[in-house]
Amino acid sequence: YYMGIYNQFLILSAFVNDKTFSLDMSEEQRLARLGEIIGHELTHGFDPNGIKYDKDGNLVADDNNPNGWMPAADYEAYMKRAEKVADYFNSIIPVPYGRCDGTAMWGEASADIGGMSIALKIAEDIDGFDYDEFFRNHSILWRQQSTLISDRYDYTNEHPLSHLRINVTNQQFDEFYDTYDIKEVDLMYLAPENRIKIW
């Protein structure tokens with residue numbers, strides 16, 4: 001989690017386990033699992049809550065300066081992108097008669113996209129990087145078994161359902177389309193102009 005008063009993100013030791021990190025993992029596995037989590041938490045320092053605190057953890061947002069340290073023009077541009085995340089999740093119906101609440105989810109969904117964006121940026125400098133292994137391990141990070149009944153209680157949570165954290169995040173990146181040769185006729189296809197770039 002991200003803690004604004006310390007300007008730090010924290011990864012609890014119990015979270016670092018065989019599913020998220022081990023010394024014998026490949027670079028692709030490490031980036032897709034713990035690497036993405038670190039990137040996710042890091043980007044929370046730049047969201048509407050994170051910008052309320054300066055580099056020393058001091059609260060700098062108030063009624064006269066609601067955006068904290070972020071210039072107003074940057075905040076406005078960021079929120080336009082955030083609105084695209086909210087709108088996209090508002091269009092998703094993950095359970096019968098149940099629509100996602102994009103207004104509640106956009107912060108965590110944006111951090112998911114940010115975490116993958118950071119990981120893929122690092123991947124650009126790794127010779128022979130295996131994008132198939134990376135995307136498969138991203139799926140392993142979030143996969144879980146659930147029932148329709150449990151999903152009906154969870155789909156309005158600020159964290160998207162696990163399968164959405166996999167699929168919606170993947171949909172935003174050209175590398176995903178290139179790796180699996182995804183075309184307009186495929187259900188995972190999202191038109192380039194609708195893909196969301198947070199950072």
Side-chain angles (χ1 to χ4, degrees), residues 1-2 9 12 14-15 17 19-20 32-34 36-37 39-44 46-51 66 75-120 132 134-199:
Y1 60 94
Y2 177 78
F9 60 88
L12 304 180
F15 188 81
N17 54 48
K19 182 179 177 182
T20 58
R33 299 191 193 190
L34 192 58
E36 275 193 46
I37 295 296
H40 172 111
E41 299 304 338
L42 186 150
T43 64
H44 277 312
F46 299 87
D47 69 18
N49 288 321
I51 63 174
Y75 181 79
E76 184 179 335
Y78 172 79
M79 291 307 294
K80 282 182 181 174
R81 295 177 185 195
E83 190 174 322
K84 283 186 74 171
V85 178
D87 288 345
Y88 189 60
F89 273 89
N90 282 334
S91 73
I92 297 172
I93 301 173
V95 296
Y97 309 107
R99 188 179 296 277
C100 288
D101 182 354
T103 303
M105 291 180 177
W106 75 263
E108 292 299 327
S110 295
D112 286 345
I113 295 168
M116 181 172 278
S117 177
I118 290 169
L120 288 173
D132 174 57
F134 172 82
F135 287 114
R136 288 179 185 276
N137 277 277
H138 165 74
S139 299
I140 289 169
L141 174 67
W142 294 115
R143 73 180 175 189
Q144 70 174 42
Q145 286 185 316
S146 63
T147 65
L148 184 58
I149 293 171
S150 66
D151 284 352
R152 284 190 66 81
Y153 287 104
D154 258 356
Y155 78 91
T156 57
N157 189 297
E158 65 184 15
H159 293 88
L161 292 170
S162 294
H163 71 277
L164 299 178
R165 298 187 89 164
I166 297 168
N167 293 341
V168 173
T169 303
N170 286 345
Q171 282 184 303
Q172 311 311 318
F173 294 93
D174 295 343
E175 293 88 344
F176 178 70
Y177 294 84
D178 295 342
T179 300
Y180 300 108
D181 194 29
I182 294 172
K183 307 294 186 191
E184 286 187 51
V185 294
D186 298 314
L187 293 176
M188 282 291 290
Y189 182 83
L190 186 64
E193 63 270 19
N194 295 325
R195 296 175 199 167
I196 301 161
K197 304 294 185 205
I198 300 295
W199 306 107

When you measure from the side chain of Asn137 to the backbone of Ile140, do you find a donor-acceptor pair of N or O atoms at a distance under 3.5 Å? no

Over all atoms of both residues, closest heavy-atom pair of Phe134 and Ala32: O-CB, 3.2 Å

Please determine whether side-chain contact (heavy atoms from CB on, under 4.5 Å) holds for the pair Tyr78 and Asp47, giving the CA-CA distance in whole Å, both sets of side-chain angles, and the decisive distance to 0.1 Å. CA-CA 8 Å; Tyr78 172 79; Asp47 69 18; 3.5 Å; yes

What is the distance from atom NE2 of His159 to atom CD of Glu108, rounded to the nearest 0.5 Å? 3.5 Å

Under the side chain to side chain donor-acceptor pair (under 3.5 Å) test, which residues partner His138, sequence neighbours left out? Glu36

Between OG on residue Ser110 and NE2 on residue His40, distance to nearest 0.5 Å: 9.5 Å

Ile166 vs Asn170 side-chain heavy atoms within contact, under 4.5 Å: yes

Among all residues two or more places apart in sequence or in another chain, which pass the salt bridge (charged side-chain N to carboxylate O under 4.0 Å, His left out) test with Glu76? Lys80

Mind checking the CE-CD spacing from Met116 to Glu175? Nearest 0.5 Å is all I need. 9.0 Å

By salt bridge (charged side-chain N to carboxylate O under 4.0 Å, His left out), Arg33 pairs with (sequence neighbours left out) none

Kindly determine whether Gln171 and Asn194 satisfy side-chain contact (heavy atoms from CB on, under 4.5 Å), including the steps that lead there. CA-CA 10 Å; Gln171 282 184 303; Asn194 295 325; over 6 Å; no

Apply side-chain contact (heavy atoms from CB on, under 4.5 Å) to the pair Arg81 and Val85, showing each step before the final yes or no. CA-CA 7 Å; Arg81 295 177 185 195; Val85 178; 6.0 Å; no

Identify each donor-acceptor pair in which a side-chain atom of residues 186-193 lies under 3.5 Å from a protein atom, sequence neighbours left out, and give them as a table.
| unit_1 | atom_1 | unit_2 | atom_2 | d |
| --- | --- | --- | --- | --- |
| Asp186 | OD2 | Lys183 | N | 2.7 |

How would you list, by chain and number, every residue that makes a side-chain contact (heavy atoms from CB on, under 4.5 Å) with Ile92, sequence neighbours excluded? Tyr88, Phe89, Pro94, Cys100, Leu164, Val168

Check side chain to side chain donor-acceptor pair (under 3.5 Å) between Ser162 and all other residues, then give those that pass, not counting sequence neighbours. Gln144

Going from CH2 on Trp142 to NE2 on His163, what distance comes out if it is rounded to the nearest 0.5 angstrom? 14.0 Å

Can you name the ring-ring contact (aromatic ring centres under 6.0 Å, His included) partners of Tyr180, sequence neighbours left out? Phe176

Contacts of Thr179 meeting side-chain contact (heavy atoms from CB on, under 4.5 Å) (sequence neighbours excluded), chain-then-number -> Tyr131, Asp132, Phe135

For Phe15, is there any backbone N or O sitting under 3.5 Å from a side-chain donor or acceptor partner on Thr20? yes

Do Met79 and Trp106 have side chains that approach each other closer than 4.5 Å (heavy atoms only, starting at C-beta)? yes

Apply side chain to side chain donor-acceptor pair (under 3.5 Å) to Ser146 and list each qualifying residue two or more places apart in sequence or on a separate chain. Asp151

Rounded at 0.5 Å granularity, tell me how far CG in Leu141 sits from CZ in Arg136. 16.0 Å

List the residues meeting side chain to side chain donor-acceptor pair (under 3.5 Å) with Gln172, not counting sequence neighbours, and say none if there are none. none

Counterpart residues, salt bridge (charged side-chain N to carboxylate O under 4.0 Å, His left out), relative to Arg99 (two or more places apart): none

Testing the basics here: between Ile93 and Val95, what is the closest heavy-atom pair and its distance to 0.1 Å? CG2-O, 3.2 Å

Nearest heavy atoms of Ile118 and Leu42, plus distance in Å: CD1-CD2, 4.3 Å

Considering only residues two or more places apart or on different chains, which pairs with a residue in residues 160-170 satisfy salt bridge (charged side-chain N to carboxylate O under 4.0 Å, His left out)? Asp112-Arg165

Roughly how far, to the nearest 0.5 Å, is CG of Leu161 from CE of Met105? 6.0 Å

